Structures are given as structure tokens and as C-alpha cells.
> 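This is the structure I want to talk about, given as C-alpha cells.
Model, not experiment: these values are computed from the prediction.
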Amino acid sequence: MTVQGTSSLTQLVSVGLISLFTGICIGSLIVLPYSNFSQETNHKSFPFSGAKGNSSSGRGSVSPTSTDYLTDNEKSTDSESPNENLAAELKQKLVKQHEQQQQQQQQQQQQQQQSSTTSDEEEEFEDEDFDEEIEIDSNVLNDIPGECRMALVVRTDLGMKKGKVAAQCCHAAVTLYRLMSRSDSLAYNLPLLKRWEYGGQAKITLKCDNQDDMDLLFAKALSLNVNAYIVHDAGRTQIAAGSATVLGLGPAPKLILDQITGDLKLY
């Protein structure tokens, strides 16, 4: 065989091998998509078998996953994006925070209301009576007929609030009753006191303009033997210490009280 013959044979063999390799590559590219489609079909048709066949192909079976037992609705719920889950959690937290803030605000409002109510009560009903009591003998009035009553005269120039006025009137009324009910007091007059109690414990609230008018009324009461008492404030709230706030008169017959308070207007 000559050199030329050997060279031609080598070229033919090389061309054949190249053609064969090229055909194999092209065939692989054509067959590969169909192979993947077959694998997906087998996986859907046989959820408990391997990805490329059933157990008879010599490969072990694959155990079912947790999603294989779920319904379509449950699978759609599990397939929610993490962003949606995070948004739901944030929304719940915001709702809880809003509820907590509302509860705190309500508690603060309740505490403020309680504190304001307590301060008002303390302001209105504090013990403000420190004046010396003057004992007046009113027994000479027992024979005077007619209704018995108690009069409470309030100063208007002090600008006291209603609660303050109520507290001062209570001080005056209690002191008047105590003076006439104590057996060791010069003002002791149980018959006149019982007469007032049985007659309905009548009380009237009047007003005067200033302390000078109140002092004049007190002097008239002394001259007519009417039980009397002036409340002086301790000065803890609203007004200055020592201020004369309310003049209490009686209980005494109405005929006598009218001589003292007949010109005064109702409070």
C-alpha cells in the first residue's frame, strides 16, 4: 500500500468518527426535552414511586410528602408567599398595640377622674372649724309659740364655690345642734331642740354681703338670746385663713329669727 492510499484511508476514518460524534450530540439534544417531560408525567402519575419509574425498575420507592395528603385549598394556603405571612403578623401586632394603648388611655382617664373627685371631696368636706364656741342660753324662748327653724347665713363676697358653701353650712348646723344638746353647756336647751326636731328640722339658707353685716346679725342674735355660731375657715382652700364664712342661728322660733334675718334674701 502506498503512502497516498494510507493518507486517504486515515482521512475517511476521521470524517466518519466526526460524523458519528456529531450525530450522537444532535440526537441527545432532541431526546432530552422528551425525557424530562416523561419524568414529570411519571412523578404526577405515581406520587409514591421514584422520579424515573416505579419500584420494579430496581430503585427504592420514595415516601409520600406532607403535601400529598392536603386538599387543593390547603395547598394554596401553604403556598402563600412569605411576604403575605409577614404582613399578617405585622397587622396583628399593630392591632394588639392599638388595643393596649386604648386600655392605658382609659386607665389614665379613670385615675384622673378619681383623683379630681377625691380632691373635690377633700376640699368640700375638710375640717375647717377652729373658732371658739360662744354659749348662749335660749331657754327664755321656749314659751314663744310657732314654728322653730334654723337659719344659715352665707357671705357672698368671698366667692366660695357651691361645694365649699355646703361644707361650711354643715359645720354651722352641726355645731348649733351640739351646743344645744350638751348637758354641760350653757346653751343646753333640750325642749327647744326636740321641738325643732319633731317639727321637721326646718332650715333656711340666706345670704349677706360682707363680714360687717354678718357681725351685726350675730350681735342681734346675742341680744335676743338666740343660739348662734360663726364658722371661720382654716384657709386650706379658696379663701384666706380666719375668714368668717357662715353664720348659724337657732334652732329658734320663727317669730324671733325674723327679727334678725327678715331683710335677707335666699341664697
Side-chain angles (χ1 to χ4, degrees), residues 124-158 160 162-236 239-267:
E124 294 173 3
F125 298 102
E126 62 184 355
D127 185 10
E128 298 171 345
D129 176 17
F130 67 92
D131 192 30
E132 294 183 359
E133 300 169 352
I134 298 177
E135 299 175 352
I136 303 172
D137 186 5
S138 61
N139 286 277
V140 295
L141 305 177
N142 292 351
D143 295 334
I144 298 176
E147 177 189 5
C148 288
R149 64 169 55 180
M150 182 184 292
L152 303 170
V153 184
V154 182
R155 278 181 60 185
T156 58
D157 60 321
L158 296 175
M160 294 181 292
K162 293 181 179 180
K164 184 80 170 178
V165 172
Q168 299 297 295
C169 288
C170 289
H171 286 309
V174 171
T175 303
L176 290 174
Y177 185 90
R178 182 164 50 83
L179 285 171
M180 294 183 66
S181 62
R182 278 175 29 207
S183 59
D184 59 343
S185 171
L186 181 61
Y188 177 71
N189 191 347
L190 191 59
L192 188 59
L193 190 63
K194 292 297 182 182
R195 179 177 159 190
W196 172 72
E197 287 183 356
Y198 296 152
Q201 306 173 18
K203 292 175 285 292
I204 184 171
T205 307
L206 306 169
K207 58 183 177 180
C208 66
D209 295 332
N210 49 55
Q211 185 171 356
D212 292 338
D213 292 345
M214 182 172 287
D215 291 340
L216 182 59
L217 295 172
F218 183 72
K220 288 183 178 180
L222 291 177
S223 65
L224 294 173
N225 296 314
V226 174
N227 185 38
Y229 175 75
I230 296 179
V231 179
H232 287 80
D233 189 76
R236 297 189 183 94
I239 56 179
S243 299
T245 57
V246 175
L247 167 64
L249 300 172
K254 182 179 180 298
L255 294 175
I256 302 299
L257 283 179
D258 286 344
Q259 298 178 28
I260 304 172
T261 62
D263 296 333
L264 300 180
K265 295 181 180 180
L266 293 174
Y267 178 78

> Using a 4.5 Å cut-off on heavy atoms from C-beta on, say whether the side chain of Leu264 contacts that of Thr261.
yes

> For side chain to side chain contact (heavy atoms under 4.5 Å, CB included), just list the numbers for Arg155 and Gln211, CA-CA rounded to whole Å, side-chain angles, deciding distance to a tenth of an Å, and then say yes or no.
CA-CA 7 Å; Arg155 278 181 60 185; Gln211 185 171 356; 3.4 Å; yes

> Less than 4.5 Å apart, side chain to side chain, heavy atoms only: is that true for Glu133 and Arg182?
yes

> Please find the pair of heavy atoms, one from Arg195 and one from Asn142, that lie closest to each other, and give the distance.
NH1-O, 3.1 Å

> Supply the atom-to-atom distance Leu193 CG to Cys148 SG, rounded to the nearest 0.5 angstrom.
9.5 Å

> Answer with yes or no whether the side chains of Asn189 and Asn227 bring together a donor and an acceptor at under 3.5 Å.
no

> Are the side chains of Tyr177 and Glu197 in contact, using a 4.5 Å heavy-atom criterion?
yes

> Looking only at heavy atoms, which two atoms of Val246 and Ala172 are closest? And how far apart?
CG1-CB, 4.0 Å

> Would Arg149 and Glu147 pass as an ion pair if we require N to O under 4.0 Å?
yes

> Measure across Leu255 and Pro145 and return the closest heavy-atom pair with its distance rounded to 0.1 Å.
CD1-O, 3.9 Å

> Hey, are the side chains of Tyr188 and Met180 touching, using non-hydrogen atoms and a 4.5 Å cut-off?
no

> Could you grab the distance from atom SG of Cys208 to atom NZ of Lys265, nearest 0.5 Å is fine?
13.5 Å

> When rounded to the nearest 0.5 angstrom, what distance separates CD1 in Ile144 from NZ in Lys254?
13.0 Å

> Between atom CE of Met214 and atom CG of Leu247, what is the distance when rounded to the nearest 0.5 Å?
5.5 Å

> Could you tell me whether the side chain of Val154 reaches within less than 4.5 Å of the side chain of Tyr267, counting heavy atoms only?
yes

> For a 4.5 angstrom cut-off between non-hydrogen side-chain atoms, does Leu266 reach Thr205?
no

> Specify the closest pair of heavy atoms between Leu249 and Ala228, including all atoms of both residues, with the distance to one decimal.
CD2-CB, 3.7 Å

> Looking at every non-hydrogen atom in both residues, tell me the closest pair between Leu192 and Ala252 and how far apart they are.
CD2-CA, 4.4 Å

> Would you say Lys203's side chain and Gln201's backbone share a donor-acceptor pair under 3.5 angstrom?
yes

> Within the 4.5 Å heavy-atom criterion, are Thr245 and His232 side-chain neighbours or not?
no

> At what distance, to the nearest 0.5 angstrom, does CG of Leu222 lie from CG of Leu217?
11.0 Å

> Would Lys164 and Asp233 pass as an ion pair if we require N to O under 4.0 Å?
yes

> Would a 4.5 Å heavy-atom cut-off, applied to side chains only, mark Val226 and Ser138 as touching?
no

> Identify the two heavy atoms, one from Glu135 and one from Leu179, that lie closest to each other, and give their separation to 0.1 Å.
CG-CD2, 4.3 Å

> Taking atom types as modelled, find out whether Asn139 and Asp137 have a side-chain donor-acceptor pair closer than 3.5 angstrom.
yes

> If I take atom CG from residue Asn225 and atom CG from residue Leu141, how far apart are they, to the nearest 0.5 angstrom?
6.0 Å

